[in-house]
Amino acid sequence: MASTPYACPVCGEISGWQRESSYRSGFSVSKALFGAFLFGKKGLLGGFIGNEQVVYTCSKCGWSEEYDK
């Protein structure tokens, strides 16, 4: 689980971070090839297993940043 960011690089706010959203990102060629090696053509779908990204926004200035979960 990702921790809350420490300080906003724009305004320096420390405690005003809000978690806005989280989503899965991208397609990984290396995961697809590894899946194909293990499971054949159906293993190519393993490339769609992405990292979960979490978006935090500073409540003081509105600056946002994405972090790996």
Side-chain angles (χ1 to χ4, degrees):
M1 188 160 99
S3 60
T4 304
Y6 294 109
C8 176
V10 177
C11 68
E13 179 70 23
I14 295 174
S15 62
W17 287 92
Q18 296 177 351
R19 182 176 175 166
E20 293 295 321
S21 63
S22 63
Y23 62 92
R24 292 225 176 253
S25 66
F27 179 82
S28 171
V29 174
S30 61
K31 288 180 186 177
L33 292 175
F34 185 70
F37 177 73
L38 290 178
F39 304 109
K41 290 181 183 179
K42 291 182 182 180
L44 290 172
L45 294 175
F48 286 107
I49 300 171
N51 293 331
E52 188 169 356
Q53 302 287 315
V54 180
V55 179
Y56 285 98
T57 302
C58 177
S59 62
K60 186 174 180 182
C61 70
W63 187 80
S64 63
E65 181 67 36
E66 296 178 357
Y67 295 92
D68 292 334
K69 184 170 184 182

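Being a predicted model, the structure only gives us computed values, none of them experimental.
A chain of hydrophobic side-chain contacts below 4.5 Å, direct or via other Ile, Leu, Val, Met, Phe, Trp or Tyr residues, connects F37 to F39.
Contact detail for G62 and T57: the closest heavy-atom pair is O-CG2, 3.6 Å. Listed here is the closest heavy atom pair of A7 and G12: CB-O, 4.2 Å.
For the atom pair OG of S59 and CD of E13, the computed distance is 5.5 Å after rounding to the nearest 0.5 Å. Rounded to the nearest 0.5 Å, atoms SG (C58) and CD (E65) are 12.0 Å apart.
Between P9 and W63, some side-chain heavy-atom pair lies under the 4.5 Å cut-off.
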